[in-house]
Amino acid sequence: MWLRQIKIGSRLITAFGLLGLVLLLQGLMSLQTMSSMRVSSEEIEKNTLPTLVTLSSINLNVMRARVFTFRLLLADSAAERDKGLETLRQIRENIKTDQKAGQPHECLKFVQLQPC
C-alpha cells in the first residue's frame, strides 16, 4: 500500500488540508443557499404577504356582508333596515378600498363586487 510509504506528517497535513477544503466548499454552498433563501424571503415579504393580508380583509368583509344581509332580511322595522343598509354600504366601500390596495396582484381579480 503506497499510503504507508508516505511519512505520517505528510499524511496528516494532506488529510487536514482535504478536510479544510471540504469545509470551505460546504461553507460556500451554504452561503449560496442562504443568498437564494434571502431572495425568496424578500419575494414573499413584498408580494405574497401583502396579498394574503388584503385577501383576508376582503374575505372578512364579504363574510360581514353576508351576516348583515341576513340581518337585513330579518329586520322588523325601517330603522333596522336603514341601519343595516348603511352598514352594508360601509362594508362595500371597505371591499372596494381593499381591491384598489391589492390591484397589482393578479389573485385579487376574481373578487367582484356587484352593486345592490
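Scope of the values below: all heavy atoms of this structure, side chains included, with no hydrogens, waters or symmetry mates.
- Around CD of Q26, the count of heavy atoms belonging to other residues, nucleotides or ligands within 6.0 Å does not exceed 12.
- Considering all non-hydrogen atoms of both residues, R11 and I6 come closest at NE-O, 3.3 Å.
- In this structure the side chain of N59 never reaches within 4.5 angstrom of the side chain of L55, judged on heavy atoms.
- Taking 4.5 Å as the limit, every side-chain heavy atom of S40 sits out of range of all side-chain heavy atoms of E43.
- In this structure, the side chains of R64 and N94 come closer than 4.5 Å at one or more pairs of heavy atoms.
- Heavy-atom minimum distance, N47 versus T51: O-OG1, 2.7 Å.
- Of the inter-residue distances, the one linking L72 atom CG with E80 atom CD reads 10.0 Å to the nearest 0.5 angstrom.
- Although no hydrogens or angles enter the test, the distance criterion places no donor-acceptor pair under 3.5 Å between the side chain of S35 and the main chain of L31.
- Interatomic distance, K96 NZ to I91 CD1, rounded to the nearest 0.5 Å: 13.5 Å.
- Residues P50 and I44 share a closest heavy-atom pair of CD-O, 4.3 Å.
- Atom CD of Q90 sits about 11.5 Å away from atom OG1 of T97, to the nearest 0.5 Å.
- A donor-acceptor distance shorter than 3.5 angstrom exists from the side chain of S41 to the backbone of R38, with no hydrogens or angles considered.
- Under the 4.5 Å side-chain contact rule for hydrophobic residues, L85 and F68 share a cluster.
- Using a 4.0 Å cut-off between charged nitrogen and carboxylate oxygen, R89 and E93 do not count as a salt-bridge pair.
- Between L12 atom CG and L19 atom CG the span is 10.5 Å, to the nearest 0.5 Å.
- Interatomic distance, I8 CD1 to I13 CD1, rounded to the nearest 0.5 Å: 11.0 Å.
- Under the 4.5 Å side-chain heavy-atom criterion for Ile, Leu, Val, Met, Phe, Trp and Tyr, V53 and L60 are members of distinct hydrophobic clusters.
- Checked for salt-bridge contact, E86 and K83 miss the test: no charged N lies under 4.0 Å from a carboxylate O.
- In plain terms, the two heavy atoms of S57 and D98 that are nearest each other are OG-OD2, 2.5 Å.
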